[in-house]
Amino acid sequence: MAYVVERPKLSLAEKLYFPSILKGLKITLGHFIRLMRGRTKVTMQYPEEKWDASLPAHYRGAPTLVTDEVGRERCVACQLCEFICPPRAITITPEQIPSEDKWAKVEKRPREFKIDMIRCIYCGMCEEVCPEQAIYLRKDYAITGTTREEMVHDKKRLYELGGVREGLVNKWNELK
Amino acid sequence: MPQPLFYLFVAVMLGFGAAVVLLRNPVSSALSLVVSFAGLAALYVSLNAYFAGVLQVLVYAGAVMVLFLFIIMLMDIREEQRRRINKVAVVGGAALVVGFVVQLGGVLAGYEAGRKPLDRVPLQLTEAAEARRAAGNVSPGITADLERGTLPDTKLVGEALFTRYHLQLQMVGVLLLVATVGVIVISRREDRVVSGRGE
Amino acid sequence: MVTLNDYLIASGLLFGIGLAGVVLRRNIIVIFMCLEMMLSAANLSLVAFSRFRPTGGLPDYDGQMLVFFIITVATAEVAVGLAIIVALFRTKRTVHVEDITSLSG
Amino acid sequence: MDWFLVLSSLIKISGFTFLVILPFVALSSLAERKVSAYIQDRVGPNRVGVPLTIFGAKKDFPLFGLVQPLADGLKFILKEDLTPKHVRKFYFWLAPALTMVPALLTCAVIPFGSYLNIGGREVKMVIADLNVGPLFTFAIASLGVYGIVLAGWASNSKYPFLGGVRSSSQMISYEIALGLSVVPVLMVFQELNLGMIVEEQDKNGWLLLPLWGEGLSWQRWVLLVPMVISFVVFTIAMFAETNRMPFDLPECETELVAGYHTEYSSMKFAMFFLGEYAAMIIGSGLIVTLFLGGWSIPFLPTAELAKTTWWMGLLHMGCFLTKVAAFIFFFMWVRWTLPRFRFDQLMRLGWVFFFELALANVFLTALILMIVKR
């Protein structure tokens, strides 16, 4: 049912607006003075102060590749991440591991593994889907470059960023 | 006023005045008139009529011409299309103007009192102050200004306006009021008339 | 030095330009502006006379009073005149004086 | 020809406009950003300083962001100067200059200091010592509307045009309140020379603070009532004249994109920006001169001292600039506090409220002056 909203009856002081204007001026001046005296917690000054220490545990930064404790690259080039990636940022060129190699039994490894960081949306699907636990999202968020080529992370750069991860980590475990 | 400045301001006034007539875009005409009035105001100032000069800028350039511009823009008047020129009218009009100027020149050529240069008719401020003091010193502010050697132009205008001309001033006030009412009556859109032009 | 005649000639020329505009132009708004110019030209000669014929060491303020009243009346005239022009434009859709012929029967 | 007069006038003109007004304009654009940031619990620009990293140093020297206006100016100059195809070219180029010029012309009559004693001669610190000071400022300020109207019209597009039309009607409406509200002040001083008005205030107490000299008399305290009304109306009308915040309808972003300067870019846009700030500075200067004692130092009538010593004149100039800066802060404070009016509310307020108030105030002042007869 429709109902009528009563217009509030304004008193003379309210009709003049001056008291409320002064009240507003007082509030803004209060903010001004509090900030001048350093009483207000203000925005973080970015390049000098960083957020790193207070990043939450679930923060999803740049995706990286990891090697295990014996130095083997975990990725077996199954290309599941390439298929699941929503913006199609990942390009994998698989290759067979030659038989004389120490890890010939693994059979496949990526010859080239590229993640286009301009396209990456940091969704974490690749990490989720990886059966070998080879790809992880790190907490790096300041990924910058001056050219488009620079923004495409190749295998070398991805391992560099990812580093070594020991032991298998199940989703439900605490991240080591 | 030094002579070069006089000629400069006369040139500004007449040049932009001619532009008002010659330019085909009404906005250009209006703006030329503003500059022309600015030159005119400078001439007033050269004649020690500061108040009239300020009034010319304040009222004409600041208010009247803005009103003109406002109307021109609101009605979106474009440049005039070149129409068939009525030769008789143009020649006749030009002859009228030339005749007027020639006649004026003729009158002024025989006007002896007009040959006096400006510095031959100096303002005698101290004498005027003494005369005012002798006559009863009605408004001491003006006398003090005169004794300091400055011409209190605005105050003298005010004095004349509110003593000798107060009746006329009130009449002008009534005139302005009537004009205001008249403008409102004229410009009020009559609802009865159905305008078929889709405004 | 500048003489009274110089001012009067300047004033007369301005008046002549205004007159030419009134006679030659066909845009009613420009005609109106030229009328203002003619009034101002008259004002200039009044101010010049007031300065060149001092009374008691001061400029003759009677002349400047007339200037003041002319400016005031001209302002009222502009307001009314522009209102009439707007009303005219609403009905005729033109500001060209040759198109406004209702009064010629 | 008095060469000393010519030389000192030239120095005054160039010094006041180029060393005072223009740096003030630049700094107030920085101050605006700082004040707005502080009011909204932010920090504001604090980085641009001396760029030492260009010369190979490890860190810049930030200098609290004081060089920001310079960087802004550089950015404006380097941006592409776009003239759209559909504009009326001549007026499109003319308009930005026309907004800047009247604001700078007005500063000719504002006394920015008392006297400066140079080599035994006292030089009055005002560019043009006119006897029609306030009228002159109104006359020139009324020309400021042309720039905006022309910008709106020449842009030949919808929003700028609406902005221009709004601006002209707003300025004409508030000019009346502005002019009428200053009449009581002139009635009290019986003087139209701004320099004399300030000297009177220096001797006998500011118009709004009559606490010394003859200002201590009860007559002046009765007159304080109309003077405060005058001050409020004048200040508010000044806000409207300079298109500042509660009345910035001509460039109201939510309705008109950017109003009259929608089509402008680069340095031409910057001219509008600078013109607005210059008008604000001159407006503050005029308010300070008329109501807050101009260059005079409170409780210390020092005009005579300034004629003989050189440091007093400088102190007076500093005092004037401080007051103007404080008033500019008030302009900004109001901008970041109050919401914008609706256009019909604005016209209503101007014609129905302030016009009547200012008119009634003239009569009130006349009545009080007639009764108390100072």
Side-chain angles (χ1 to χ4, degrees), chain B residues 1 3 6 10 13-14 17-18 20-21 26 29-30 33 37 40 43-44 47-49 52 55 59 64 67-68 71-72 75 77 80 90 93-94 96-97 100-101 104 108 111 114-119 121 123-125 127-128 131 156-157 160-161 165 168 172 175-176 179 182-183 186-187 197, chain C residues 1-10 12-21 23-27 29-30 33-34 36-37 40 43-44 47-48 50-52 54 56-59 61-62 64-65 67-69 71-73 75-76 78-80 82-87 89-90 93 95-96:
Chain B
M1 174 183 267
Q3 227 154 357
F6 171 79
V10 167
M13 181 181 83
L14 294 180
V20 175
V21 180
S29 292
L33 194 55
F37 280 159
L40 186 60
L43 288 183
Y44 286 170
L47 290 165
N48 297 70
L55 213 59
V59 174
V64 168
L67 214 58
F68 267 106
I71 296 293
I72 293 171
M75 304 204 305
I77 296 163
E80 276 175 54
V90 170
L96 185 67
V97 172
F100 169 77
V101 172
L104 181 78
L108 289 182
Y111 184 50
R115 302 251 174 79
K116 230 189 278 173
L118 192 55
D119 51 0
V121 267
L123 297 177
Q124 291 147 330
L125 300 180
E127 284 85 340
L156 285 167
V157 169
L161 206 56
Y165 290 89
Q168 288 87 331
V172 163
L175 175 79
L176 283 178
V183 167
I186 291 171
S187 59
R197 293 182 183 85
Chain C
M1 258 326 254
V2 190
T3 62
L4 174 58
N5 275 354
D6 292 345
Y7 280 102
L8 292 183
I9 287 170
L13 284 175
L14 190 65
F15 190 89
I17 291 170
L19 187 63
V23 176
L24 299 179
R25 288 300 293 262
R26 287 287 167 265
N27 187 329
I29 290 187
V30 177
M33 286 196 278
C34 290
E36 296 306 311
M37 203 151 80
S40 297
N43 279 350
L44 177 60
V47 172
S50 122
R51 173 65 185 80
F52 276 92
L58 295 175
Y61 275 94
D62 292 343
Q64 293 200 22
M65 282 304 101
V67 172
F68 176 85
F69 287 123
I71 288 181
T72 321
V73 173
T75 314
V78 164
V80 177
L82 281 179
I84 291 173
I85 289 177
V86 170
F89 187 73
R90 271 203 201 128
R93 311 304 295 173
V95 287
H96 206 273

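In this text, all values refer to a predicted model and were calculated from it rather than measured experimentally. So that the names make sense, note that chain A is the first sequence line, chain B the second, and so on, each numbered from 1.
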What closest approach, in Å, do [X] and [Y] show between heavy atoms, and which atom pair accounts for it?
X        : Y       : answer
C:Val47  : B:Ala52 : CG2-CB, 4.5 Å
B:Pro26  : C:Asn27 : CG-ND2, 3.6 Å
B:Ile186 : C:Ala87 : CG2-CB, 4.1 Å
C:Val30  : B:Ser29 : CG2-OG, 4.3 Å
B:Val183 : C:Ala83 : CG1-CB, 4.0 Å
C:Cys34  : B:Val21 : SG-CG2, 4.1 Å

When rounded to the nearest 0.5 angstrom, what distance separates [atom1] in [X] from [atom2] in [Y]?
X        : Y       : atom1 : atom2 : result
C:Gln64  : B:Leu55 : CD    : CG    : 10.5 Å
B:Leu108 : C:Tyr7  : CG    : OH    : 15.0 Å
C:Asp6   : B:Leu43 : CG    : CG    : 11.0 Å
B:Gln168 : C:Thr72 : CD    : OG1   : 12.0 Å

Winner by heavy-atom pair count (cut-off under 4.5 Å) against chain C, out of [options]:
options                              : value
B:Leu33, B:Val10, B:Val101, B:Leu96  : B:Leu33
B:Val20, B:Leu104, B:Leu40, B:Leu175 : B:Leu40
B:Phe37, B:Tyr111, B:Tyr165          : B:Tyr165

So which part of [X] gets closer than 4.5 Å to some heavy atom of chain B, the side chain, the backbone, both or neither?
X       : value
C:Met33 : both
C:Ala10 : both
C:Val78 : side chain
C:Leu14 : both

Between [options], which residue shows the highest count of heavy-atom pairs closer than 4.5 Å to chain B?
options                            : value
C:Ser50, C:Ala20, C:Ser40, C:Ala48 : C:Ser40
C:Ile9, C:Thr75, C:Leu82, C:Leu8   : C:Leu82
C:Pro54, C:Pro59, C:Gly18          : C:Pro59

Worksheet item: Side chain, backbone, both or neither: which part of B:Ala160 has a non-hydrogen atom closer than 4.5 Å to chain C?
Response: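 Answer is both: backbone and side chain atoms of B:Ala160 are under 4.5 Å from chain C.
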
Practice prompt. Identify which part of B:Val157 has an atom lying under 4.5 Å from any heavy atom of chain C, answering side chain, backbone, both or neither.
Written response: both

Worksheet item: Is the closest side-chain heavy-atom distance between C:Phe68 and B:Val59 below 4.5 Å?
Response: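 The answer is no, as the side chains (C-beta and beyond) never meet within the 4.5 Å cut-off.
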
Fill in: Beyond-backbone contact of C:Phe52 with B:Leu47, side-chain heavy atoms, under 4.5 angstrom
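In contact.
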
